[in-house]
Amino acid sequence: MSTPEHLKWPADAGCTAVPYSVFNSEEVYELEQEKIYNGKTWNFLAAEAEIPDKGSFKSTYIGDTPVVVTRGQDDEIYAWVNRCAHRGAEICRERHGKSEDGVYTCVYHQWAYDAKGDLRGVPFQRGLAGKGGMPKDFDKKQHGLRTVRVVNYHGVVFGTFSDDTPDIESYMGEDVSHHLKRIMNRPIEILGTTRQYIAGNWKFYSENTKDPYHASLLHLFHATFGLYRSSQKGESIVNNDFHSILWASSGSEDKVALDDMKKDKLRTLQTGEYELHDPSLLKGQQEFDDGVTLVILSLFPSLVMQQIQNTLAFRQILPKGKDAFELVWTYFGYKDDSEELRNIRLKQFNLIGPGGLISMEDGESTELCQKAIVRDGSRTNVIQMAGKEPVGDDHLVTEGLIRGLWKGYQDLMGF
Amino acid sequence: MSTPEHLKWPADAGCTAVPYSVFNSEEVYELEQEKIYNGKTWNFLAAEAEIPDKGSFKSTYIGDTPVVVTRGQDDEIYAWVNRCAHRGAEICRERHGKSEDGVYTCVYHQWAYDAKGDLRGVPFQRGLAGKGGMPKDFDKKQHGLRTVRVVNYHGVVFGTFSDDTPDIESYMGEDVSHHLKRIMNRPIEILGTTRQYIAGNWKFYSENTKDPYHASLLHLFHATFGLYRSSQKGESIVNNDFHSILWASSGSEDKVALDDMKKDKLRTLQTGEYELHDPSLLKGQQEFDDGVTLVILSLFPSLVMQQIQNTLAFRQILPKGKDAFELVWTYFGYKDDSEELRNIRLKQFNLIGPGGLISMEDGESTELCQKAIVRDGSRTNVIQMAGKEPVGDDHLVTEGLIRGLWKGYQDLMGF
Amino acid sequence: MSTPEHLKWPADAGCTAVPYSVFNSEEVYELEQEKIYNGKTWNFLAAEAEIPDKGSFKSTYIGDTPVVVTRGQDDEIYAWVNRCAHRGAEICRERHGKSEDGVYTCVYHQWAYDAKGDLRGVPFQRGLAGKGGMPKDFDKKQHGLRTVRVVNYHGVVFGTFSDDTPDIESYMGEDVSHHLKRIMNRPIEILGTTRQYIAGNWKFYSENTKDPYHASLLHLFHATFGLYRSSQKGESIVNNDFHSILWASSGSEDKVALDDMKKDKLRTLQTGEYELHDPSLLKGQQEFDDGVTLVILSLFPSLVMQQIQNTLAFRQILPKGKDAFELVWTYFGYKDDSEELRNIRLKQFNLIGPGGLISMEDGESTELCQKAIVRDGSRTNVIQMAGKEPVGDDHLVTEGLIRGLWKGYQDLMGF
Amino acid sequence: MPNVTTPELKSEVEDLLNAYAQCIDDDDLENWPNFFTEQCLYRIIPRENHEVGLPVAVIWCDSKGMLNDRVTALRHANVYQVQWYRHIISNPRILSFDGDEIHVQSNYAVFKTCNDGESTVYNVGRYVDVIVRDNGILKFKERSAIYDTHKITTLMVIPI
Amino acid sequence: MPNVTTPELKSEVEDLLNAYAQCIDDDDLENWPNFFTEQCLYRIIPRENHEVGLPVAVIWCDSKGMLNDRVTALRHANVYQVQWYRHIISNPRILSFDGDEIHVQSNYAVFKTCNDGESTVYNVGRYVDVIVRDNGILKFKERSAIYDTHKITTLMVIPI
Amino acid sequence: MPNVTTPELKSEVEDLLNAYAQCIDDDDLENWPNFFTEQCLYRIIPRENHEVGLPVAVIWCDSKGMLNDRVTALRHANVYQVQWYRHIISNPRILSFDGDEIHVQSNYAVFKTCNDGESTVYNVGRYVDVIVRDNGILKFKERSAIYDTHKITTLMVIPI
Ligand code: FES
Ligand code: FES
Ligand code: FES
Ligand SMILES: [Fe+3]
Ligand SMILES: [Fe+3]
Ligand SMILES: [Fe+3]
């Protein structure tokens, strides 16, 4: 399916102006499922730690296509579309679990598959007492499940439907892979999951995770306690257009920048007015030598990895139609965490997730946008902070990463 | 409206492969309302016993068009679309009831109709004090309700919108009419109703009711207690492509077939492991001389009639969009049932309906399919058990009836 | 966007027959948002009394486009689309309130606007410590909010998106403006609000408010107590096709007309059978010298103003898709009401609103229609009471106002 | 304010609240007015009005007669689709008792089921009651249902 | 009928109703039959049948054995998606007590949560119970769940 | 474990649960921390984590100070749309009482109403509480809201 004319991008818009229709069109959504999620992209499936043993499996999605990721008896990781080759029933019906015998049986007629998705058993294939059964020319090999190409990159499992998707490292780019490896530097331990259902288009959230500009203005808790400020030392990095890294060091502070900020008289800075009754919340540990206290790694289209203070998490973006997406948070630490550090993480999780003191507003912001753009689909937003190029910068006062997102998006979508 | 090109069936698919888009397309759904429900099909409206007296009425649907079936003062049965000819309001607002005077008055402006759907009264037709009123040329005869062609076949009332639909007996075919008459052999008594709302395409349920293959594999309760097994004596019959009969005798058992079944090591057979604390549930009566203990009569598109042990029921299929349908169960016995037999039926209803120990999985299976086929609409399922022809067989190890369904469906839809 | 061929009106239908598809088509709904709500119509935004002070604001809609109406520091009234010019977030997040400093700040990146919708502040516009910031050529003047043309007509605030919409008085016409001024003859006091969400197309409600025919037949409470009857003295007036006035005097009664009514033996007249235990409900005051006790002013597309006995209210019609609308009731009295009169109003509000003894059926009637017209979109209703012309009359036994509605609708929509 | 009530009184109050709900849910509406004193005040008020001091109510009855008139109207005059309520009442609290008036507050959720058979959250909010003893029996002198659910679906005909 | 019961009995009845709900919501279904007497009647009945005198029930068990069979079936035979119930029980009323049988009525709302994590209003209605003392412990001799929610979503496998 | 509690204690526990809910629903959040002891544990935990032994909570406060900080944050720092909760609390059960700690469990349903006026089932689950007497007044030493509703709509800012 080629891109319909009436969906084409405004000629002059480039990557600094996005027509609102892109966030509110069923047609665009359908096209995204084909060109993005079914196309040349790597999608987050699971942390390897979520499927630790032979027979472990997890149900998830690529876009809105249900997919199961498994660990075979050969200890390899596989994935396939969660749809029986017989008459289309969902095969795996739990979120995660373990298949002791490594067999995945559809409940409807008990066709049985292995972890690879190959068809192993068809009840009554040869009939009963010579009656019925499948045709002689029926070949099980021709009736496996639709498989997904999988890679396990430093403990993070990705999948793609396309054979043309470049290898994972070239896909993500140098800085993104560096930061992924930085966080995944040793075995992790899954600490739990939460799920948020947000009534906004998934791309508003993609923008949000590439937007250092909002961080110091929307998240007042964040800003007030100096966990992050655009005036801090940090960087905004674009890799391959639509992937990005944001990092900052809360210690450092550029005084001049801070003064400039204060000039703006924003409701951002409430320092003094506002003190924690229980400061233990922010008593963290400096666990990385580079002194970086905040990293937002945004790997298009479905993964955000984060370090904020001592909190570590995967955020998986699952589109659920043009005006909703699910955000799945998977929180983790390291296998070798001291009990003290583990408790620090558990307490600091108050900062992130659906009730996160500094992250709850991100979901809110996507809903604010979705509500406001129901009409005027041909009008556009304005993405010009720090210029008009789809590039990063050595600071946090830019929308360059968002411009990168839209440049890459237009290419993929054939807009 | 003719069938759009992009909906056409895959050239080579025939009746052994169905593209998943057929279950998940608004366009197909709209087309079905026109070509199937508004076309040459007979649709279940009611059991005659539901409208026993002059003035009795019942509200139901043909497809998703609201229809009322009435019994007139002339004791004839009529049906019409439940939409006032004046400005379109719903006229009959109860599920069923009795109009003592045989008049059906729209609440909006009190236009009054009789059981036939003819317009009888228009308030202020001649105005008030010479003011207002309908034009001289207004002719009540021209403003009746849209009527439905009705037939009462052995106590089962069917309706069609098309004058070209063949008479009911040729429509259903020999075996279907035989089995309908077998069950409707004497006056029935309605025992109650339940309603299930299932988040799946209605055709998944049609497949399900023509599928002896699943019966012994999905319904473990069913199989375990030998109420039904594909290894039992029985038959699969196709009439006029999309109607069908499945029957089996629980007494009989083909030993060879049973052994073949056991070879398959299916989770189906738990005999021994599993015993009823209270066997009274299955202590039924042999009420038919032919020894047949299970009959599933599937009359496309909207009726399934069943005998399972001593349970008798109509199941009406009401589509509610591309991914949902309502299943209305109407349970009955015979007017001359002994109290004992009546109680047996009431107890055995534990086997069927929304909480039926052997039927609850059918709704579940349609939802499992609907969830799994949201994408890959051009891919197809595989319907080859017992060959590739749309025919029945002298056993229960076949998908021939489902192939018949799809052959007939393609003809009706112009695919 | 021009009107697609397949939506065109049946050639011969004129204004006496409306194809049901008009009430049940997404395409028509989208077209209405463009041609009606974004076109040459004045839409009710607020009573001036709802935004009494400098800085007062109210959030509402024009069609389904979110709009904010404000009172500036210059005491003028303004309105703009509630969507930030930066990246599209909703700016004003309360239903109503007061901005002390007259500034409206988007929470996402704190871009700040004034009551006019002009952009006043952009955080970090000049960057921080020389880093980042907006491009030199960024001009705040070019990035204000999308504004709405506003008029305050005798205390009622209207808005339009089109510069070509005629001035408010020519838009509404002589009689409508007369009756609006009659009710808004002195300062009003807002007494409260209620909201109804009705599962019907908004145009069914437009018809309803131009339909004296239903009033005496659907609303039995109404009729039984002679608050209103089609036999009463009254008038039906059309202004500019789709605006209308209905008025009646409950005192007066045309005996001949009443007798004619009785002849019809309608379930309408239950006088005698039915008496109030507490007559205080209907003990009102004659507050207008003209003796008129009922006025329904219907200003297409979004406002209905009413006087029923001593109840005064605005009803705002907000479409929410093809098959739902919200009806917002704003109840009021006059600033100089005696406490006694105020209490009479509060008690008589039992007659109107979502639980109104004589108004609750109006919402119900639109749902009855919506349920009944899901199919047969090319079939039409019949609008012939008192002839076939889109005109008013000196009585209340007509559908002429509804014919006016459809004549005007076809013109606007290009049908 | 301290709760100066006996367990017996508390139980009696709960019985009143429960019997009231059952009366409505069982469609025994002809009896509904009997839960009130002759002179009484029954109101269904949107919380959004209540919080800004606006007086408008959806239903406002200041006498038992008006309650009876509501019932007669919904039985004989009003037109609406078949619907059932199901009241869930939660955490009644006796806020004060001066020996005469008992001030009680409770939360409620009312589910509505129409012919389509779906039960929806129709109206949630809180009851604010003034209860007195009338010929030995506890009755409502005042009952205000202050509802959160501004969006009233279709209409409101049956009392909350 | 006057309520001739002691606060103690009332409290004991409430404990029974509450423990029953907790047992189901905690998925401790193997214990569920123990809330009934050996000879018992448990039914889940659509209100639309009940009101016109039609006998059909969705689940109809007239012995503790049948209750146990339901549990065995849902554990070992039936196929359905993972689902949790959450019972909210409201205003229990003791309608009569003849020293032997306690007749009790209460309202309930059951929310269902499946893998998608959304909690929906699955089934609302009322319990009509006959409770007796069995070896000192209150048990259900009869429990009828008469539900308003005709539209049963997907299926009904876990008892109400 | 047998219920060794007096009706008085039971009633006192119910009053605590009810007052807590009313405090939140009335938006009197500044008082909310006062329902807890100085050293306390308040958690909102997804049932899917709880059942597999994963510790993550949506909100995790192990001191009254942290509760106060939550309130300050939602009043002065956090950005979210206007929303009201309505708690329905059901079948509280005193599971044990050792003279010091009272272990209590109850079911809850919280409905959320935002500006659109629709009341939705926001969060259902159960409270697991440890209650102690603190200067004569019952307070929560521990309160865990274990919720079924994995799908949290938009965000969770107001405590459950
Ligand atoms: S659909 Fe999976 S085995 Fe038939
Ligand atoms: S719509 Fe039926 S009488 Fe007018
Ligand atoms: S979206 Fe409004 S300031 Fe950025
Ligand atoms: Fe953020
Ligand atoms: Fe089946
Ligand atoms: Fe009306």
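Sequence lines set the chain letters: A, B, ... in the order given, protein chains first and strands last, and positions in each chain run from 1. The model shown is predicted, which means the values in this text are computed figures rather than measured ones.
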Separation of K371(C) NZ from D116(D) CG (nearest 0.5 Å): 8.0 Å
For Q196(C), is it the side chain, the backbone, both, or neither that has a heavy atom closer than 4.5 Å to a heavy atom of chain D? both
Does Y61(C) OH have over 12 foreign heavy atoms under 6.0 Å away? no
So which residue, T72(D), V157(D), L67(D), ends up with the most heavy-atom pairs under 4.5 Å with chain C? T72(D)
Can you find a heavy atom in the side chain of T194(C) that is under 4.5 Å from one in the side chain of I152(D)? no
Which residue out of V56(D), D62(D), T153(D), I44(D) racks up the most heavy-atom pairs below 4.5 Å with chain C? V56(D)
Of all heavy-atom pairs between V79(D) and L218(C), which one has the smallest distance, and what is that distance? CG2-O, 3.9 Å
Nearest 0.5 angstrom please: K151(D) NZ to R195(C) CZ, how far? 11.0 Å
Residue pair D278(C) / S63(D): nearest heavy atoms and the distance that separates them: OD2-OG, 2.6 Å
Identify which of I59(D), D69(D), L54(D) forms the greatest number of heavy-atom pairs closer than 4.5 Å to chain C. D69(D)
How far apart are the closest heavy atoms of H76(D) and L220(C), and which atoms are they? O-CD1, 4.0 Å
Please output the residues of residues 323-347 of chain C in contact with chain D, using a heavy-atom cutoff of under 4.5 Å, in numerical order. Y331(C), R342(C), L346(C), K347(C)
Looking only at non-hydrogen atoms, find the nearest pair between T193(C) and N49(D) and report the distance. O-ND2, 3.0 Å
Would you indicate whether the side-chain heavy atoms of M156(D) and M360(C) approach each other to under 4.5 Å? no
For K141(D), does the NZ atom sit with more than 12 other heavy atoms under 6.0 Å from it, leaving out its own atoms? no
Can you see which heavy atom on A77(D) is nearest to which on F221(C), and at what distance? CB-N, 3.6 Å
Report yes if some heavy atom in the side chain of T154(D) is under 4.5 Å from a heavy atom in the side chain of I198(C); otherwise report no. no
Less than 4.5 Å apart, side chain to side chain, heavy atoms only: is that true for H277(C) and M66(D)? no
Measure distances from P46(D) to the heavy atoms of chain C and classify the residue's part below 4.5 Å as side chain, backbone, both or neither. side chain
